[in-house]
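So that we are looking at the same thing, I have put the structure below in structure tokens.
Both counts, for ligands and for their atoms, begin at 1 and track the order of listing. All values below come from the heavy atoms of this structure, side chains included, with hydrogens, waters and symmetry mates left out. Because the structure is a prediction, the values reported are computed rather than measured.
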Amino acid sequence: MHLLSPKSPGWLDWCPDPSVPAFRLPAGTVDTHCHVFGPQARFPFAPERKYTPCDGGKEQLFALRDHLGIARNVVVQATCHGADNSAMVDAVRAAGDRARGVATVRPDVEEAELRALHSAGVRGVRFNFVRRLVDTAPEDDLRTIAAKIAPLGWHVVLYFESADLPELAPFFASLPTPLVVDHMGRPDVTRPVDGPEFSRFLRFVDANDVWVKVTCPERLSVTGPAALDGQRDAYTDVVPFGRRVVEEFGDRVLWGTDWPHPNLTDHMPDDGLLVDHVPHIAPTEEQQRLLLVDNPMRLYWPDEA
Ligand code: 0GY
């Protein structure tokens, strides 16, 4: 574990020695949520960004992939790079067929640019509604983008706070593409898993055939990385939420590391421990195969699925 004081200069340094997970990821596992940051000297951060991370480039990402036994990555454009997708595209291209990308684009994006992104491996765009990260684009702009990407067979990745779901849900439901939600819609895990908030999220997922990333226990947890005590079952308060989603929507759940873990100020997660979270939320081999291999392959590499 790497405990860092909030906002200390190294708070986003790549963890140099993630532990070896006790859980062995199945062959073909896809990390569907990770980012690259820079390196800044080659890929400057966007002027409109709301945070400035340290570099977290593709070489580090690929090293982590290999260390954890991950086969493929989906690199999601991070807000600190705005709509300049070059660092993400560079990483996806460098990985060959072992990576796909999710981009951020503006409503005036040209069809030729979308086609170029597609041939680089991009298969979706991200719409971000988290106010500490972005000034969210107007709905009309997002509708324009969705209409432009739909013919490519892409999906929209949605990042929002759970409190905002009631207001946003009708807009989400009206989008013409498949939908993927980040981090289980960011539930407040101090509330009951059977309570009205999470039930509302589950109903939204059910009604709209949404794909759900059961990611970021380290971001959602209040109890935190208890593995400091030598255990490997950290972030236990998030387990009931992940497990519920896996049980109800086993063929539409996705997993990922969220490396390099932007904006975590209380601790830098041990990615080995995040792998060990998987069997707690997906206890059976079949659930694990769907979550880690079959589902992401169907969404991102349908020709091989
Ligand atoms: C995440 C979470 C965060 C940041 C970003 O694009 C981003 O900057 O996604 C966050 O701060 O919650 O999914 O990586």
| request: Give a yes/no verdict on whether any heavy atom in Leu133 is under 4.0 Å from an atom of ligand 1. | output: yes

| Less than 4.0 Å between a side-chain N and a carboxylate O, is that true for Arg244 and Asp194? |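 So Asp194 pairs with Arg244 through a salt bridge.
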
| said: Within ligand 1, which atoms have a heavy atom of His33 less than 4.0 Å away? | reply: 1 (C), 13 (O), 14 (O)

| field | Numbered atoms of ligand 1 (with element) below 4.0 Å of Tyr51, judged on heavy atoms | value |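 By the 4.0 Å cutoff, the relevant atoms are 7 (C), 8 (O).
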
| task | Return the residue, atom name and 0.1 Å-rounded distance of the protein heavy atom closest to atom 14 (O) of ligand 1. | result | His35 NE2, 2.5 Å

| task | Return yes if some donor-acceptor pair links the side-chain N/O of Asp84 with the main-chain N/O of Ser86 below 3.5 Å, else return no. | result |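 Judged by distance alone, yes, a pair lies under 3.5 Å.
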
| query | Ion pair present between Lys213 and Asp258, side-chain N to carboxylate O less than 4.0 angstrom? | reply | no

| task | Compute the minimum heavy-atom distance from His261 to ligand 1 and say whether it is under 4.0 Å. | result | no

| message | Using a 4.0 Å cut-off to any heavy atom of Arg132, which atoms of ligand 1 qualify? | response | 10 (C), 11 (O), 12 (O)

| field | ligand 1 atoms in contact with Pro262 (distance to a heavy atom under 4.0 Å) | value | 3 (C), 4 (C), 11 (O), 14 (O)

| task | Could you tell me whether Asp258 approaches ligand 1 through its side chain, its backbone, both or neither, with non-hydrogen atoms closer than 4.0 Å? | result |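 Near ligand 1, Asp258 shows its side chain, while the N, CA, C and O stay back.
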
| said: Has Asn208 got a side-chain atom pairing as donor or acceptor with Val210's backbone, closer than 3.5 angstrom? | reply: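 Answer holds: no.
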
| request: Starting from atom 9 (O) of ligand 1, locate the nearest protein heavy atom and write down its residue, its atom name and how far away it is, to 0.1 Å. | output: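 Scanning the protein heavy atoms, the shortest distance from atom 9 (O) of ligand 1 goes to Arg126 NH1, 2.8 Å.
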
| field | Presence of salt bridge, Arg191 and Asp188, under 4.0 angstrom | value | yes

| Any heavy atom of Lys50 sitting closer than 4.0 Å to ligand 1? |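 The answer is no, since Lys50 has no heavy atom less than 4.0 Å from ligand 1.
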
| field | Salt bridge flag under 4.0 Å for residues Arg72 and Glu304 | value | yes

| request: Locate the shortest heavy-atom distance separating Ser221 from Asp237; write the atom from each residue and the value. | output: OG-OD1, 2.7 Å

| request: Identify the heavy atoms of Gln287 and Glu247 that sit nearest to each other, and give their distance. | output: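 Scanning both residues, the minimum pair turns out to be NE2-CG, 4.2 Å.
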
| query | Mind checking whether His81 has a heavy atom under 4.0 Å from ligand 1? | reply | no

| task | Mark yes or no for whether Glu167, through its side chain, and Asp164, through its backbone, hold a donor-acceptor pair below 3.5 Å. | result | no

| Can you tell which part of Arg186 has a heavy atom less than 4.0 Å from ligand 1: side chain, backbone, both or neither? |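 Side chain only.
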
| query | For ligand 1, which atoms sit closer than 4.0 Å to a heavy atom of Asn263? | reply |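 Under 4.0 Å from Asn263, ligand 1 has these atoms: 10 (C), 11 (O).
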
